[in-house]
Amino acid sequence: MAEKFITELKRTHTCGELTLADEGKQVVLMGWAMRRRDHGGLIFIDLRDRAGLTQVVFNPEHTGGGHEVAHQIRSEYCLALRGLVRRRPEGQDNEKIATGRIEVFVEDFEILNPSKTPPFMLEEWTLVNENTRLRYRYLDIRRPEVFANLLLRHRCTQAARGYLNAQGFLEVETPMLTRSTPEGARDFLVPSRLARGSFYALPQSPQLFKQLLMVGGVERYYQVARCFRDEDLRADRQPEFTQVDLEMSFVDEEDVMGLTEGLVQAIVASAGKEMTLPVPRLTWAQAMNRFGLDAPDLRFGLELTEVADLVGDAEFKLFREAVAKGLMVKAINGKGMAGLSRKDLDDLTSFVAGYGAKGLAWVKIKEGMEWQSPIAKFFSAGHQGRINERLGAAEGDILFFGADAPRVVWESLGRLRLELARRFELTKDKPLTFCWVTDFPLLDYDLEAKRFVAMHHPFTAPKPEDVDLLDSEPLKTRARAYDIVLNGSEIGGGSIRIHRQDLQAKLFDTLKITREEAQNKFGFLLEALTFGAPPHGGLALGFDRLVAILAGEPSIREVIAFPKTQKGACLLTEAPGLVDPGQLLELGLRVERVS
RNA sequence: GGGGGCGUAGCUCAGUUUGGUUAGAGCGCCGGCCUGUCACGCCGGAGGCCGCGAGUUCGAGCCUCGUCGUCCCCGCCA
């Protein structure tokens with residue numbers, strides 16, 4: 001049977017657009033049979049394409065001999081049909097779908113392709129195991145809610161391009177086959193056939209190339225860049241992911257942050273959501289002290305409060321000794337959370353133990369501001385009163401305390417804060433909440449390697465007033481770096497880069513990267529900086545994360561067309577897989593079992 | 001590398017606590033009936049390596065050990 005519907009009768013409308021205004025029109029629709037209601041005589045089918053659903057009606061008196069064929073239509077058959085748009089009979093409207101006031105009375109149709117019974121139903125209300133969805137991802141994508149995520153992502157990408165184009169940026173592609181560099185994540189390696197025994201690395205980000213583009217005078221660069229990191233996966237981490245990467249010359253932090261705010265606002269707007277500018281800012285020190293994390297979720301309170309000065313002379317030994325040792329003592333007021341049971345508190349105690357806390361002291365505020373707590377007896381009325389006042393405690397609140405090294409207090413109370421918000425649904429129905437975190441430390445100390453490592457990356461510029469600290473107190477050096485955070489997720493980060501060879505060399509010294517090693521690994525960059533490299537800086541947005549949040553999805557897998565599982569497998573193509581021995585031979589590789 | 005959850009029909013799950021007859025349900029699927037349904041309805045039917053492998057036991061979906069897959073988290077991710 002010739003496909004006359006493809007060659008002669010072209011599609012005139014989508015299944016999502018017909019309304020009463022189209023009544024009486026002859027239309028040609030193409031799509032998939034979503035659901036069949038076969039009355040023996042009349043047959044109703046919900047025809048679905050990417051735009052929506054339209055009910056089509058087969059009537060034996062009109063489709064004649066074709067009606068036998070119509071009876072054969074099953075789920076996911078690919079159909080083409082010609083028919084008349086009709087107003088539905090009185091009282092037969094379906095308010096649930098956009099096209100629910102009309103139907104298409106079929107006059108001619110063709111089964112373009114039958115379908116095996118699908119492994120799962122494509123209706124939105126069916127729950128399907130993610131394994132099954134990923135193995136048949138092409139069917140999953142037919143589901144309107146998955147397609148909607150791809151559409152949203154497309155709109156966000158186009159909004160980003162549109163905004164950056166309008167700001168004078170050039171989209172430039174950088175190599176996917178590049179060289180491995182030290183520092184950072186594990187590389188994905190690609191063996192070279194022409195240079196046996198040598199390997200390319202897939203880029204962790206286009207960082208070095210975009211800096212070279214600045215040296216090249218491009219001035220404003222962006223790229224929707226695929227990045228690769230061979231690290232363990234999470235709900236918000238895939239081995240390959242996408243950044244909206246940008247870099248600008250002759251700018252400072254304010255320029256990049258201002259530009260980024262406009263960019264993110266444009267993306268958010270393309271998702272039909274709102275974002276008010278300017279985005280509030282916190283320094284890294286403020287973020288850590290108030291929220292315990294460098295990506296604070298500002299949709300709710302529960303801030304960390306310093307109490308060391310109030311408990312240093314209390315009877316409670318743990319706190320007194322912590323203060324004496326110069327450790328940190330902080331508290332959170334769980335507003336109205338005194339209803340937590342003993343079991344809840346035990347759970348929360350083991351929860352913070354997972355982040356290194358040795359315990360979790362708590363105080364329930366009872367009637368008359370009375371403390372109910374295992375540690376209440378160690379605090380005088382005066383101490384209790386001052387702590388209540390500092391934390392704004394009221395009846396029905398519960399106070400949590402952490403006393404330890406700053407890293408432990410920040411981490412455990414910061415995570416506790418998020419856990420409480422989760423349990424009490426404090427983020428429900430909150431608007432998108434952004435913030436900047438600035439003034440990150442330039443360096444961190446790696447206890448294992450016994451050396452300083454770059455917190456952001458080794459090309460980040462130190463604050464000019466802190467440069468001298470590189471020699472005296474390196475850990476106090478602040479970076480010209482900034483992260484943008486949405487709802488407690490880091491969705492982007494960047495910095496002003498080092499653009500002078502002497503400062504870059506100095507930083508490599510601090511990082512204990514030898515001249516020889518630096519020359520070997522980054523020589524091309526160091527050399528480039530000697531040819532009048534302009535001051536420059538930029539930022540990259542974690543695009544998958546941003547789109548996932550805008551889509552309201554808990555995992556970035558939901559906004560990636562063909563995502564991988566936690567073991568890095570593609571269940572559809574079964575990648576990664578074994579290769580032909582001949583391919584290995586050509587590459588000069590031999591695979592050996594390593595114990 | 002580590003901690004935790006899950007794995008039973010095509011799909012979603014119950015059954016596992018306390019081992020005991022022929023492993024169930026809803027949806028889907030197949031056949032029949034049905035001209036106004038819209039998650040159509042009614043009647044009938046098929047469909048199971050209880051992830052896989054060992055072990056304990058008279059007997060294992062259920063207990064033990066191992067293993068594989070998947071999800072969440074810690075480490076890791078400049």
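What you are looking at is a predicted structure, and each value in this text was computed from that prediction instead of being measured. The basis for the numbers below is simple: all heavy atoms, side chains too, and nothing from hydrogens, waters or symmetry mates.
At a cut-off of 3.5 angstrom, counting only N and O atoms as typed in the model, there is a donor on one side and an acceptor on the other between the side-chain of A:Arg234 and the base of B:G75. In this model, no side-chain donor or acceptor of A:Glu123 finds a partner on the base of B:G28 within 3.5 Å.
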Pairs: protein N or O with nucleotides 31-34 of chain B N or O, under 3.5 Å:
| from | atom 1 | to | atom 2 | distance (Å) |
| --- | --- | --- | --- | --- |
| B:C34 | N1 | A:His39 | O | 3.2 |
| B:C34 | N3 | A:Asp38 | O | 3.1 |
| B:C34 | N3 | A:His39 | O | 3.4 |
| B:C34 | N3 | A:Gly40 | N | 3.4 |
| B:C34 | N4 | A:Asp38 | O | 3.4 |
| B:C34 | N4 | A:Gly40 | N | 3.3 |

Check nucleotides 5-12 of chain B against the protein and report each pair of N or O atoms closer than 3.5 Å, with its distance, or say if there are none.
| from | atom 1 | to | atom 2 | distance (Å) |
| --- | --- | --- | --- | --- |
| B:G10 | O2' | A:Pro119 | O | 2.5 |
| B:C11 | O4' | A:Pro119 | O | 3.4 |
| B:C11 | O2' | A:Leu127 | O | 3.2 |
| B:U12 | OP1 | A:Asn129 | N | 2.3 |

message: Using the rule given for side chain to side chain contact (heavy atoms under 4.5 Å, CB included), can you reason through A:His536 versus A:Met248, listing the C-alpha separation, both sets of side-chain angles and the distance that settles it, and then say yes or no?
response: CA-CA 6 Å; A:His536 62 284; A:Met248 313 160 73; over 6 Å; no
message: Determine whether A:Asp38 and A:Phe44 satisfy the following criterion, side chain to side chain contact (heavy atoms under 4.5 Å, CB included), listing intermediate values before the conclusion.
response: CA-CA 6 Å; A:Asp38 187 340; A:Phe44 299 93; over 6 Å; no
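For the salt bridge (charged side-chain N to carboxylate O under 4.0 Å, His left out) test, residues two or more places apart in sequence or in another chain that qualify with A:Arg478 are A:Asp439, A:Glu465, A:Asp466. For A:Lys25, the salt bridge (charged side-chain N to carboxylate O under 4.0 Å, His left out) partners are A:Asp22, not counting sequence neighbours. For A:Arg74, the side chain to side chain donor-acceptor pair (under 3.5 Å) criterion is met by no residue, not counting sequence neighbours.
Using bins of under 30°, 30° to 60° and over 60° for the plane-to-plane angle, the ring pair A:His67/A:His71 lands in the perpendicular bin.
A:Arg135 CZ: 12 or fewer foreign heavy atoms inside a 6.0 Å radius.
Residue A:Ser205 is in base contact, counting any heavy-atom pair closer than 4.0 Å across all strands shown. At the heavy-atom level, A:Glu90 lies nowhere under 4.0 Å from the strands shown.
Separating the C1' atom of B:G2 from that of B:C76 is a span of 12 Å, rounded to the nearest Å.
Applying the Watson-Crick and G-U wobble criteria (two distances, each under 3.5 Å), B:G48 pairs with nothing in any strand.
Sorted by first and then second residue, the ring-ring contact (aromatic ring centres under 6.0 Å, His included) pairs with a member in residues 490-521 of chain A read A:Phe508-A:Phe522; sequence neighbours excluded.
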